[in-house]
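Reading through the structure tokens given below for one structure.
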Amino acid sequence: MGIIKLTNIRTYSYHGCLAEEAAIGADYRVDLEIKTDVRKSSMTDELEDTVDYVFLNRVVVDEMAIRSRLLEHVTNRIILRVFKESPAVSRILIRVSKINPPIDGDVEMVTIEMEEYRN
């Protein structure tokens with residue numbers, strides 16, 4: 001088995017419960033890690049024998065573009081879509097962070113982290 005990581009995928013998105021968040025938006029960071037069998041691709045050197053990180057990035061960017069009130073919701077959508085569209089993925093660990101969240105305090109970011117295994 002192997003791990004593929006995409007670190008610090010940056011998006012500008014409109015998630016949040018406040019009306020201002022829907023109108024103004026904010027910077028987000030996504031870190032995605034998937035587990036897959038890389039034995040075949042390590043021998044063949046063929047893209048179709050692995051999970052394409054371009055695909056993984058596209059899923060994150062596409063789903064982050066769809067507004068959610070909660071980070072948990074958009075994070076779960078990313079997980080479900082990766083599992084649906086890439087049967088080779090056996091585990092997903094994902095962190096979605098809102099940079100400079102609109103809360104009363106000096107907070108660099110808030111992060112939701114979820115880990116799921118294929119059933």
Side-chain angles (χ1 to χ4, degrees):
M1 296 304 272
I3 303 288
I4 297 173
K5 296 181 183 183
L6 283 74
T7 304
N8 200 19
I9 302 167
R10 294 174 299 277
T11 69
Y12 196 86
S13 303
Y14 298 85
H15 307 298
C17 294
L18 302 175
E20 295 83 20
E21 293 172 297
I24 298 169
D27 289 310
Y28 289 82
R29 168 190 172 152
V30 179
D31 299 306
L32 179 65
E33 176 180 304
I34 63 107
K35 187 173 185 179
T36 189
D37 188 342
V38 296
R39 290 175 289 192
K40 185 174 181 182
S41 62
S42 70
M43 299 298 289
T44 66
D45 197 28
E46 295 295 334
L47 183 59
E48 61 265 10
D49 294 330
T50 191
V51 178
D52 186 354
Y53 53 78
V54 173
F55 155 76
L56 295 170
N57 183 69
R58 186 179 67 245
V59 169
V60 169
V61 170
D62 288 353
E63 293 301 324
M64 289 297 290
I66 302 169
R67 178 170 159 67
S68 288
R69 294 178 60 232
L70 300 176
L71 294 181
E72 292 90 330
H73 188 258
V74 67
T75 303
N76 189 59
R77 284 201 327 262
I78 293 167
I79 290 169
L80 293 174
R81 185 164 164 203
V82 169
F83 277 146
K84 179 181 178 186
E85 296 182 22
S86 186
V89 174
S90 61
R91 179 187 65 86
I92 299 171
L93 175 63
I94 183 171
R95 292 174 202 89
V96 176
S97 302
K98 181 184 287 191
I99 311 298
N100 297 319
I103 58 178
D104 188 23
D106 185 12
V107 178
E108 181 180 353
M109 72 178 105
V110 295
T111 302
I112 179 71
E113 179 177 304
M114 295 172 69
E115 181 176 25
E116 293 290 337
Y117 294 82
R118 184 178 294 283
N119 293 332

Should side-chain heavy atoms under 4.5 Å link Ile, Leu, Val, Met, Phe, Trp and Tyr, which residues sit in the same cluster as I99? M109
Hydrophobic clusters here meaning ILVMFWY residues chained together by side-chain heavy-atom distances under 4.5 Å, can you tell me if F55 and I79 are in one? yes
Residues in salt bridge (Lys or Arg N to Asp or Glu O under 4.0 Å) with D49, at least two apart? K40
Which pairs of donor and acceptor atoms, one on a side chain in residues 1-9, lie under 3.5 Å apart (sequence neighbours left out)?
none

OG-CG distance between S42 and D37, expressed to the nearest 0.5 angstrom: 8.5 Å
L47: partners by side-chain contact (heavy atoms from CB on, under 4.5 Å), with sequence neighbours left out: T50, D52
Exceeds 12 heavy-atom contacts within 6.0 angstrom, atom CZ of R67: yes
Under the salt bridge (Lys or Arg N to Asp or Glu O under 4.0 Å) test, which residues partner K98, sequence neighbours left out? E21
Look at the side-chain heavy atoms of Ile, Leu, Val, Met, Phe, Trp and Tyr, link any pair under 4.5 Å apart, and say whether I112 and I103 land in one connected group. yes
Expected output: side-chain T11 to main-chain V61 donor-acceptor under 3.5 Å: no
In one Ile/Leu/Val/Met/Phe/Trp/Tyr side-chain cluster, 4.5 Å: M114, V60: yes
Please identify each residue that fulfils side-chain hydrogen bond (donor to acceptor under 3.5 Å, both in side chains) with D62, with sequence neighbours left out. R81
Does anything in residues 109-119 pair up under salt bridge (charged side-chain N to carboxylate O under 4.0 Å, His left out), and if so which pairs, sequence neighbours excluded? R91-E115, R95-E113
Could you state whether L80 and V96 fall into the same hydrophobic cluster, counting links through intermediate Ile, Leu, Val, Met, Phe, Trp or Tyr residues with side-chain heavy atoms under 4.5 angstrom apart? no
For residues 13-54, which residue pairs pass the ring pair (Phe, Tyr, Trp, His ring centres under 6.0 Å) check, not counting sequence neighbours? Y12-Y14, H15-Y28
How would you list, by chain and number, every residue that makes a side-chain hydrogen bond (donor to acceptor under 3.5 Å, both in side chains) with T36, sequence neighbours excluded? none
Does the side chain to side chain contact (heavy atoms under 4.5 Å, CB included) test come out yes or no for M64 and V74, once each step is laid out? CA-CA 7 Å; M64 289 297 290; V74 67; 3.8 Å; yes
I94 versus V30: any side-chain heavy-atom pair under 4.5 Å? yes
Using side-chain hydrogen bond (donor to acceptor under 3.5 Å, both in side chains) as the criterion, list what pairs up with D31, not counting sequence neighbours. R29
Are I92 and Y117 grouped together when hydrophobic residues (ILVMFWY) are joined by side-chain heavy atoms under 4.5 angstrom apart? no
Pair listing, ring pair (Phe, Tyr, Trp, His ring centres under 6.0 Å) test, anchored in residues 66-103, at least two apart: none
Atom CD of E108: over 12 foreign heavy atoms under 6.0 Å: no
Any residue meeting side-chain hydrogen bond (donor to acceptor under 3.5 Å, both in side chains) with N57, in chain and number order, not counting sequence neighbours: none
